[in-house]
Amino acid sequence: MKIATAQQMREMDRAAIQERGIASTLLMENAARAVARAAVSVAEARPERPGRPRRAVCFCGAGNNGGDGVAAARFLMEAGMEVRAVLVGRREKMTSDCREMERRLEAKGGSLEDFTPDDPDFACWCLEADVMVDALFGIGLNTPLRGDPLMAVQMMNTCDIPVVSADIASGVEADTGRVLGDAVQADVTVTFSLPKAGHFLGEGGLRTGRLTVAEIGIPLDLVLWTESNFYSVCENDVYLPRRERDAYKGNFGRDYILGGSVGYTGAPVLAARAAVRAGAGLVSVGVPEPIWPVVAMKLDEAMPSPLPAGKTGMLSLEATEQILARMNSSDVCLIGPGLGRGNGVASVVRHLLRSAHTAVILDADGINALEGHIDVLEARRGVVTILTPHDGEFLRLGGDLSSGDRLAAARSFAQEHGCCLVLKGHRTITAFPDGSAYVNTTGNPGMAKGGSGDVLGGIILALLGQGMSCREAVPMAVWLHGRAGDLCAEEIGEYGMTPGDLIERLPRVLRECEGKIRELGPQ
Ligand SMILES: NC(=O)C1=CN([C@@H]2O[C@H](COP(=O)(O)OP(=O)(O)OC[C@H]3O[C@@H](n4cnc5c(N)ncnc54)[C@H](O)[C@@H]3O)[C@@H](O)[C@H]2O)[C@@H](O)CC1
Ligand SMILES: [K+]
């Protein structure tokens, strides 16, 4: 799904209001109705208190986000709830739409009171609430919170009552996910028209809670034609390549994995199993000769072959030509899982990258081989090269995370080096050389275990081998990997789940996607 910047949202709102004649108050009421609906369902999930209706407190700023909150208060009253709406900000600063919503609230017998954090009666009332609506700031936030807004945020965060945020958790900067001063910890965020980067990136990704995107009446063409090159990958965006009735194994990829060393036998095995489970046609695995018997014992469906090794149990230079021949007869290669770190191995990898014209995914020690030699990627301009570093590997490659802006860092690396970069972590970012980027929405901390990356490498390999383009395959593979992790977490918990458990769940994850099969796009 496309992600909009604050500026793009403002432009969409402006065009809807000024060029299409849609009343701004109508957009606001539609937004507020979606927020109120979410608040009702959150409140109804709480235990009933016999003898009194459910309660909601709406914290409203003086801007249009506050207007959403004031209108939501009216809808919540109409839904039979006991509601208090408080203005956290100066009355003279209220926007005209926010004032209009106050008038409409008063016409229904409600009122917008001043925020009185020191009033014990107000605090007690809040403690008995079933839901809090956070409508302090939306995309207009531009300075760190202090004074009353900061107090209101702290109150929402300490009351232990579910919070529904209008548009974005107040305190989160919409375009970056940075927290300015402090920010609401939302349970649910209802955003409007399109999600914003701040719902996914940085601290904002942690403050958002469950995100829903409400359509508020902005004409669809304005939403569709908003030019953005940043996307989130959600369930609706995922699809699989068609498997034709008369297909044979060669149609689904001749995939080659180069990995393993003495002490790291598991990594290439996990990658190979994941590739097979993700639909690969033929998976070959090249490993150093000393570990070949172990790897061969573990793999039934993939084809392991031994390669010349040095004394350390890692690949030797002698293996280079043999590997190159395998690579050139494959559709796609994964280089790195468990290869080990050593000068010899690193120079083999660099030689392969310079000489092979096959699409390559570089992971783990394959990435480490580029440390200080990133110029090798120059030789691969125009050939698909995918790097899948976690933060440590990214820094070793010369990536810069000092600004805390992972999106910008991933984008500039991919553009500078002409590769696809998968910056792994919470909300993995996939960036392409043309500046476009995708943020993933699946996954959990149970996946932060050795071997998870090998599984991801195998899934990317399999999807590319099945004919998906790099742009299709990589964000999709990241999503599937995270979804498999989420199934594991649901079923066996984050502590005990293993990378092997991810592989076991891949068939179910793919099954879930079977209704969404597509003809593949241009390569
Ligand atoms: N027609 C529209 O433009 C619509 C706007 N909507 C809502 O309006 C929001 C945007 O409204 P606004 O542009 O009024 O902006 P906000 O309501 O997000 O913020 C209000 C104002 O607060 C001030 N401010 C920023 N940071 C502050 C801080 N730390 N402390 C104190 N004051 C601060 C700024 O001057 C800003 O303009 C959206 O997020 C959305 O919730 C929706 O109602 C849909 C329609
Ligand atoms: K908000």
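Without hydrogens or angle criteria, Asp400 side chain to Ala409 main chain gives no donor-acceptor distance under 3.5 Å. Side-chain atoms of Glu472 do not come within 3.5 Å of backbone N or O of Val474 as any donor-acceptor pair. A donor-acceptor pair under 3.5 Å links the side-chain atoms of Asn157 to the main chain of Gln185, judged by distance alone. Panel note: side chain Thr441, backbone Val233; a donor-acceptor pair is recorded below 3.5 Å.
You'll find the side chain of Glu29 reaches within 4.5 Å of the side chain of Arg74, heavy atoms only. You'll find the side chain of Met132 stays beyond 4.5 Å of the side chain of Val184, heavy atoms only. Looking at Pro499 and Asp454, their side chains never come closer than 4.5 Å, going by heavy atoms from C-beta outward. Contact annotation: the side chain of Leu222 approaches that of Arg20 to within less than 4.5 Å [non-hydrogen atoms, C-beta and beyond]. Two residues are said to be in side-chain contact when any heavy atoms from C-beta on lie closer than 4.5 Å; Met1 and Asp237 meet this criterion. Using a 4.5 Å heavy-atom cutoff, the side chains of Arg483 and Leu510 are not in contact. Inter-residue side-chain proximity for Leu387 and Phe413 is flagged as met; some heavy-atom pair is nearer than 4.5 Å. Taking the side chain as every heavy atom from C-beta outward, Phe432 and Thr430 approach each other to under 4.5 Å.
A salt bridge between Arg505 and Glu490 is absent, with no side-chain N of the basic residue lying under 4.0 Å from a carboxylate O of the acidic one. Remark: Asp114 engages Arg91 in a salt bridge, criterion side-chain N to carboxylate O under 4.0 Å.
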Derivation of the side-chain hydrogen bond (donor to acceptor under 3.5 Å, both in side chains) call for Thr95 and Asp97: CA-CA 5 Å; Thr95 59; Asp97 285 350; over 6 Å; no
Would Phe230 and Leu201 satisfy side-chain contact (heavy atoms from CB on, under 4.5 Å), going step by step from the backbone distance to the final call? CA-CA 12 Å; Phe230 186 35; Leu201 299 179; 4.2 Å; yes
Please lay out, stage by stage, how Asp148 and Arg90 fare under the test salt bridge (charged side-chain N to carboxylate O under 4.0 Å, His left out). CA-CA 10 Å; Asp148 277 357; Arg90 301 221 300 274; over 6 Å; no
Can Glu102 and Leu87 be said to form a side-chain contact (heavy atoms from CB on, under 4.5 Å), step by step? CA-CA 10 Å; Glu102 183 188 19; Leu87 176 68; over 6 Å; no
Mind running side-chain contact (heavy atoms from CB on, under 4.5 Å) on Gln466 and Arg243 for me, showing each step along the way? CA-CA 9 Å; Gln466 286 169 82; Arg243 290 175 90 85; 3.0 Å; yes
Carefully, step by step, assess Asn64 and Ser24 under the rule side-chain contact (heavy atoms from CB on, under 4.5 Å). CA-CA 10 Å; Asn64 287 337; Ser24 57; over 6 Å; no
Audit row: Arg104, Glu100, salt bridge (charged side-chain N to carboxylate O under 4.0 Å, His left out) steps and yes/no: CA-CA 6 Å; Arg104 292 182 191 186; Glu100 175 58 25; 2.8 Å; yes
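Asp167 pairs by the side-chain contact (heavy atoms from CB on, under 4.5 Å) definition with Asn65, Ile139, Thr191, Phe192, Lys196, not counting sequence neighbours. The side-chain contact (heavy atoms from CB on, under 4.5 Å) check on Arg146 picks up nothing, with sequence neighbours excluded.
Contact between Leu136 and Ala152 at its shortest, heavy atoms only, is CD1-CB, 4.0 Å. Between Arg411 and Ala437 the shortest heavy-atom distance is NE-CB, 4.1 Å. Of all heavy-atom pairs spanning Ser111 and Glu106, the tightest one is CA-CG, 4.4 Å. Closest approach of Ser232 to Pro195, counting heavy atoms only: OG-CG, 4.4 Å. Of all heavy-atom pairs between Ala186 and Ser165, the closest is CB-OG, 3.4 Å. The two residues Ile216 and Leu27 make their nearest non-hydrogen contact at O-CD2, 3.4 Å.
Within 6.0 Å of CD on Glu78 lie more than 12 heavy atoms contributed by other residues, nucleotides or ligands. For Arg14, the CZ atom sits in a packed shell: over 12 heavy atoms of surrounding residues, nucleotides or ligands are nearer than 6.0 Å. Few gaps surround CZ on Arg52; more than 12 heavy atoms of other groups in view lie less than 6.0 Å from it. Within a 6.0 Å radius of CD in Glu227, other residues, nucleotides and ligands contribute 12 heavy atoms or fewer. Heavy atoms from other residues, nucleotides or ligands lying under 6.0 Å from CZ of Arg103 number more than 12.
For the residue pair Asn440 and Thr442, a side-chain donor N or O sits within less than 3.5 Å of a side-chain acceptor on the partner. Under the 3.5 Å distance criterion, with hydrogens and angles disregarded, a donor-acceptor pair is assigned to the side chains of Ser436 and Arg471.
For residues 471-490, no pair satisfies ring-ring contact (aromatic ring centres under 6.0 Å, His included), with sequence neighbours left out.
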Contacts table for residues 35-51: side-chain donor-acceptor under 3.5 angstrom, sequence neighbours left out:
residue, atom, partner, partner atom, Å
Ser41, OG, Ala38, O, 3.3

Donor-acceptor pairs under 3.5 angstrom involving side-chain atoms of residues 118-130: please list them, not counting sequence neighbours.
residue, atom, partner, partner atom, Å
Asp119, OD1, Asp121, N, 2.9
Asp130, OD2, Arg55, N, 2.8

Can you give me every donor-acceptor pair (side chain of residues 414-425, partner residue at least two apart or in another chain, under 3.5 Å) with its distance?
residue, atom, partner, partner atom, Å
Lys424, NZ, Asp363, OD1, 3.3
Lys424, NZ, Thr388, O, 3.1

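Note that the OH atom of Tyr239 and the CE atom of Met468 stand 5.0 Å from one another [nearest 0.5 Å]. In this structure, CG in Leu26 is found 4.5 Å from CG in Asn30, a value given to the nearest 0.5 Å. Summarising the geometry, atom CG belonging to Leu112 is positioned 12.0 Å from atom CZ belonging to Arg84; distances are rounded to the nearest 0.5 Å. Separating the CD1 atom in Ile3 from the CG atom in Leu407 is a distance of 8.5 Å, to the nearest 0.5 Å. Taking CG of Asp13 as the start and CD of Gln18 as the end, the distance is 10.5 Å to the nearest 0.5 Å. The CZ atom of Arg210 lies 9.5 Å from the CG atom of Asp187; values are rounded to the nearest 0.5 Å.
Arg427 forms no cation-pi arrangement with Phe200, by the criterion of a distance under 6.0 Å to the ring centre and an angle within 45° of the ring axis.
Checked against Ile459 for a side-chain contact (heavy atoms from CB on, under 4.5 Å), the options Leu464, Val478, Leu506 give a single hit: Leu506.
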